[in-house]
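Notes for the one structure printed next.
Computed from a predicted structure; not experimentally measured. Numbering starts at 1 and runs along the sequence shown.
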Amino acid sequence: MPATLLSSTLTVPTQLLRVTAVQEIAPGIRSFEFSAADGSELPEWTPGAHVDVHLPSGKIRQYSLCGDPEHRSVYRIAVLEVCEGRGGSAEMHRAVAAGGELRLGIPRNDFPVVPAPAYVFVAGGIGITPILAMIREVAAAGRPWKLVYGARSEAHLAFRAELDSLAATSWGMITYVPQDTAGHMDLSQIVRDSAGQSVYCCGPGPLMDALGSEMRAQGRHTELRLERFSADLVQVREGTESFRVELSESGLTVDVTPGTSVLEAIRAAGVAVASSCEMGICGTCETRVIAGEIEHHDSILTEAERAAGNVMMICVSRASSAGLVLAR
């Protein structure tokens with residue numbers, strides 16, 4: 001049957017897809033392919049996009065699409081099993097098999113490729129997933145690109161054959177950094193060598209934090225684009241102060257108390273709001289801010305977007321002023 005879209009007031013639309021392939025591509029990493037049962041085309045997407053995967057247990061997890069956007073009949077993701085995580089990756093590895101069906105959200109992109117003369121991509125471990133699709137697009141456009149890809153060992157470098165093929169047929173260069181034999185990436189050198197080029201990074205939090213610090217030290221922090229797979233450990237979503245939120249569209253005024261997120265307070269007032277991760281990493285609950293100062297705790301917005309102060313992720317971010325006026 002076709003990929004039927006379902007609408008909901010609290011979640012993004014979903015489509016029921018069949019799991020058509022599951023493959024071990026590196027130790028602890030599996031790729032999953034999804035298609036409509038009747039082979040019909042799936043909603044389009046662009047490199048950097050991710051999808052919500054609705055697991056059999058009811059959990060919803062976000063995974064980057066790493067296939068080819070030109071192939072509209074299939075979505076591909078790759079999942080690293082994280083035993084100490086929140087259980088989503090373990091369920092993907094143990095409960096999802098070829099022939100089964102899952103609901104996937106419509107692709108959303110908070111990490112798009114922005115036009116530039118040249119690109120430098122930095123990937124750590126499973127962070128290669130959005131980067132792979134980005135490189136494919138940049139290579140097709142004939143733009144020069146470099147990739148620095150680190151993993152625990154040579155065996156953990158997923159998608160290596162695809163990456164090598166892209167480098168061989170485009171203006172691309174790849175440096176693999178297996179940690180067990182080569183140590184850590186030289187981030188300072190990467191930043192120095194990337195002058196005049198757009199820098200994209202995805203991977204473990206410490207890698208992205210360190211690269212961000214190095215970009216800042218060299219006066220280039222506004223040129224770095226990041227995507228995180230998990231929320232920052234330093235988030236303080238519950239807050240210690242109460243504040244008031246005015247909803248301009250519904251005409252309601254809501255008090256947000258310590259221990260309650262803006263999202264929870266708005267929902268408690270009877271206003272339906274779409275959300276997914278509720279950790280500030282997926283962008284579903286992004287809300288326009290009309291007035292007030294924001295205390296940002298998301299892992300999506302750039303520093304420039306935070307400074308502009310006109311949007312926030314209401315699942316984790318709060319007011320740093322007495323109140324906020326939101327377009328809800």
Task: Distance-only polar pair, side chains of S89 and R61, donor-acceptor under 3.5 Å - done: no
Between [X] and [Y], does any side-chain N to carboxylate O distance fall below 4.0 Å?
X	Y	answer
E154	R160	yes
R76	D68	no
E81	R94	yes

Is it the case that atom [atom1] in [X] sees more than 12 heavy atoms from other parts of the structure closer than 6.0 Å?
X	atom1	value
R225	CZ	yes
R72	CZ	yes
E305	CD	yes

Within the 4.5 Å heavy-atom criterion, are [X] and [Y] side-chain neighbours or not?
X	Y	value
V289	L326	yes
L187	L207	yes
P43	Y75	yes
I77	T129	no
Y149	I131	no
V114	S198	no

Whether the side chain of [X] engages the backbone of [Y] through a donor-acceptor N/O pair (distance < 3.5 Å, no angle test) should be reported.
X	Y	result
T175	M173	no
R30	H93	yes
E91	S57	yes
R220	S194	yes

Task: Cluster check V22, Y63: I/L/V/M/F/W/Y, side chain < 4.5 angstrom - done: yes
